A.B. asks: 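So that we are looking at the same thing, I have put the structure below in structure tokens.
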Amino acid sequence: MIKISNLNKVYDNGYEALKSINLDIKDGALVTLLGPSGCGKSTILNIIAGILDPSAGDISFDGDSIIGKHPKDRDIGMVFQNYALYPHMSVLENIIFPLTVGEKKIKKDEAIKIAQKYMDLTYIGDIKDKKPSQISGGQQQRVAIARALIQNPKTLLLDEPLSNLDARLRLSIREEIRNIVKEVGVTTIFVTHDQEEALSISDYIALMDEGVIQQYDIPQNLYLEPANLFVAKFIGNPIINIYELENANPMLRTKDFSIGLDELLSTRFKDDLKDKSYLLGIRPEHFILDDNGRIKVEVSSIEMIGRYMILHFDLNNQASRMVVDSKLAIKPGDLINIDLNYEAIYLFDQDGKRVY
Ligand code: ADP
């Protein structure tokens, strides 16, 4: 198990990039560090790899601290955004390179035998004699992964490995990456800023903001049970709708609609509602089209996605979105009645803490 305890990083210019990070990563798990650019994902990865030293805290592998250990002695494989393949070497030479240098180097023909397994796993056997410049971005990515795995590392670190690929290729390669690391059984830490990528690939996600882990959970829980407003806004596409509500017990009231507190499920309350105002979060898929719906809105535009479409409308003077079946005959300018799925809404206090 990888255990990160109270990890802190202050850069030389005084910027505190990590604030007491705690994370347990089980053997064989695929864990994603997710968050907006600058939240500290690469800083964590670089400290694990030994490229950076932490300012405080510890990281241990199976109970042994790795802080201070040379990067070479950490049993780690890494793949970065720019795959850094050696341009003058063939695919095969690139892959066996780590096995043919250093103290533990082995004979070239033995290395080639081992490479075959990883080339099969990553589907690059037929391009083994090509140079990196002669293969596609997706193939380069597979070569980089094969080269990282051939050393049989205990931990694989992947830093935004898909960011140089086009959208469709990203979809297929992320699936492949999951299959490959699961087949090999290597503990994998994957960094991305793309929530959809994280949701689709991970066993667990650590969603970060400003050097703090906001939620560490299985993908489903990040979407269904966000710990706070930041998580609710970061996860889900299209983005969640947020409205300010006045607490006028027994109602929560806003300009265009109100919610009776007795309509909410008592079991979902995490706290009593004592504040004057709260923020309501409702995902676009949790508005309901209903002729008797209590909220009347005018559809301003429609975005066709394929499986569903997004209706845009104004609610509470706020640009709002709801997701509906793409077969529905709704046009811009139509007045529609909608309601909320009360079981799927969230309430946050003004600090962003979830209370319902
Ligand atoms: P992410 O990978 O999530 O985009 P990083 O870990 O690269 O974020 O960076 C976290 C924060 O630390 C950012 O605000 C970044 O500007 C800052 N940072 C990164 N490297 C340095 C450095 N060498 N000196 C000062 N600040 C840095």
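We count ligands from 1, going down the list as the structure has it; atoms in each ligand are counted the same way. Remember, it's a predicted structure, so these values are computed and weren't measured experimentally.
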A.B. asks: Going by an N to O cut-off under 4.0 Å, is there a salt bridge joining K26 and D203?
C.D. replies: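 No, this pair does not count.
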A.B. asks: List by chain and number: which residues place a heavy atom under 4.0 Å from ligand 1?
C.D. replies: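 Within the 4.0 Å shell of ligand 1, which is judged on heavy atoms, sit Y11, N13, Y15, A17, P36, S37, G38, C39, G40, K41, S42, T43.
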A.B. asks: Do the numbers put R142 on top of the ring of Y118, so that NZ or CZ is under 6.0 Å from the six-membered ring centre and no more than 45° off the axis?
C.D. replies: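 R142 over Y118 ring: no.
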A.B. asks: Tracing side-chain links under 4.5 Å among I, L, V, M, F, W and Y, which residues wind up in one group with I235?
C.D. replies: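 When side chains under 4.5 Å apart are linked, the cluster holding I235 also contains L34, L199, I205, L207, L222, Y223, L224, F230, V231, F234.
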A.B. asks: Does K331 come within less than 4.0 Å of E298, counting only side-chain N to carboxylate O?
C.D. replies: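 Salt bridge flag = no for E298 with K331.
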A.B. asks: Keeping to residues at least two apart or across chains, list the ring-ring contact (aromatic ring centres under 6.0 Å, His included) pairs with something in residues 246-274.
C.D. replies: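 Residue pairs with at least one partner in residues 246-274: Y243-F257, F269-Y356.
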A.B. asks: May I have all residue pairs that pass ring-ring contact (aromatic ring centres under 6.0 Å, His included) and include part of residues 174-221, sequence neighbours excluded?
C.D. replies: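 Passing the test, one end in residues 174-221: Y204-Y216.
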